[in-house]
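Throughout, protein chains are lettered first and strands after them, A, B, ... in sequence-line order, and every chain is numbered starting at 1.
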Protein chains: 2
Amino acid sequence: MGLAKSEIFTAEQNEIANFAKAFGHPARVAILQHLFKINACICGDLVQEIGLAQPTISQHLKELKQLGLIKGTIDGTSVCYCIDTDNWEKMKSKMGTLLHLNIPSKTDCC
Amino acid sequence: MGLAKSEIFTAEQNEIANFAKAFGHPARVAILQHLFKINACICGDLVQEIGLAQPTISQHLKELKQLGLIKGTIDGTSVCYCIDTDNWEKMKSKMGTLLHLNIPSKTDCC
DNA sequence: TTGCTTAATCGTAATATTGCAATATAACAA
DNA sequence: TTGTTATATTGCAATATTACGATTAAGCAA
């Protein structure tokens with residue numbers, strides 16, 4: 001079907017899955033890593049940096065923006081993107097509830 | 001196209017994306033949360049717990065197993081699943097390289 | 001105005017993912 | 001053996017994702 005039955009899961013489970021999907025493509029990982037590395041807003045050169053066509057990059061940026069992980073501000077003919085620090089921290093917190101769950105030790109039976 | 005151009009990205013970027021894809025579906029999030037909550041190997045009741053058909057759960061379990069995040073041991077007619085603690089820690093470390101990147105502060109221009 | 005640059009959107013093709021009915025397999029019980 | 005239970009696999013339909021050429025829109029320069 002291709003359509004996840006999100007209605008049978010909790011809001012938290014769906015939220016974690018949605019954030020995870022954002023990281024589920026290497027281009028988006030590369031974009032985020034580059035934004036962190038530059039440590040500033042970056043105007044324009046993501047297409048050359050990543051190596052995908054301009055519409056493809058634009059689409060990936062749109063997804064990251066819709067999730068709130070990055071924000072873009074218009075600067076003349078170009079758009080500057082950077083990490084949305086507040087939302088990034090919120091995302092880290094959400095993901096942390098899954099990733100940092102304590103590892104079973106005592107009753108591990110495998 | 002639906003096919004990611006993984007060859008133009010680093011091994012790390014692809015690895016992070018692959019782990020993230022595992023968390024990119026609420027059913028798999030729910031499965032992992034349940035395994036952590038039970039804090040032991042669990043035989044059989046994942047279908048009732050999650051609320052999807054048995055073949056669907058089996059498929060999600062297969063994906064998690066292929067990534068090494070869980071392991072299953074055969075116990076008679078049933079299979080017991082639990083978190084693969086070693087690989088879980090490795091995954092956390094990989095994901096951490098992206099999630100815990102320092103937030104830009106000084107040169108933030110947006 | 002015209003032309004150039006930059007980024008978003010549209011349209012479309014190819015591949016991936018999700019979900020489940022039907023079936024297969026495997027272990028055990030009687 | 002036969003029947004039961006539990007899980008995996010197969011096959012398929014529906015939807016999602018990825019990628020990019022073509023186009024559009026918007027700002028700026030001459």
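- In this structure, B:S58 reaches the D:dA8 phosphate: one of its side-chain N or O atoms is under 4.0 Å from OP1 or OP2.
- Taking side-chain N and O atoms only, B:T77 has no distance below 4.0 Å to OP1 or OP2 of D:dT5.
- Ring orientation note: the planes of B:H25 and A:F9 are nearly perpendicular, at an angle over 60° on the 30°/60° scale.
- In this entry the distance linking CG of A:N18 with C1' of D:dA16 reads 13 Å, nearest Å.
- Side-chain atoms of B:N14 come within 3.5 Å of backbone N or O of B:S6 as a donor-acceptor pair.
- Contact annotation: A:K62 does not reach the phosphate of C:dA7 (side-chain N/O to OP1 or OP2, under 4.0 Å).
- Side-chain N or O atoms of A:W88 include one that pairs as donor or acceptor with a backbone N or O of B:L99 at under 3.5 Å.
- Position along DNA chain D of the nearest nucleotide to A:G24 versus A:G76 favours A:G24 as the more 5'-ward residue.
- Base contact: A:T56 has a heavy atom under 4.0 Å from a base atom.
- To the nearest angstrom, P of C:dA7 lies 8 Å from OH of A:Y81.
- Considering only side-chain atoms of A:Q59, the nucleotide from D:dC20, C:dG19, D:dT9 that sits closest is D:dC20.
- The A:K65 side chain lies nearest to C:dA8 when the options are C:dA8, D:dT5, D:dC28.
- Atom C1' of nucleotide C:dT6 and atom CD1 of A:I74 are separated by 11 Å, given to the nearest angstrom.
- Residue-level contact check: A:L52 touches the backbone only, with heavy atoms under 4.0 Å from sugar-phosphate atoms and none from bases.
- C:dT5 atom P lies 20 Å from atom CG of A:L46, rounded to whole Å.
- Closest-nucleotide positions on DNA chain C for A:L3 and A:Q54 were compared, and the one nearer the 5' end corresponds to A:Q54.
- Across the interface with DNA chain C, nearest-nucleotide mapping of B:A53 and A:L61 shows A:L61 to be the residue nearer the 5′ end.
- The interatomic distance linking A:K71 (NZ) with C:dA7 (C1') rounds to 20 Å, in whole Å.
- A straight line from CD1 of B:I57 to C1' of D:dA8 spans 14 Å, rounded to a whole angstrom.
- In this structure, the side chains of B:L67 and B:R28 stay at 4.5 Å or more apart for every pair of heavy atoms.
- For A:H60, the listed nucleotide lying nearest its side chain is D:dA19; candidates were C:dG19, C:dA8, D:dA19.
- Atom-to-atom, NE2 of B:H25 to P of D:dT15 comes out at 15 Å; the value is rounded to the nearest Å.
- Counting only heavy atoms from C-beta outward, the side chains of B:N87 and B:F19 never approach each other to under 4.5 Å.
- With rounding to whole Å, B:K21 atom NZ is found 15 Å from C:dT15 atom P.
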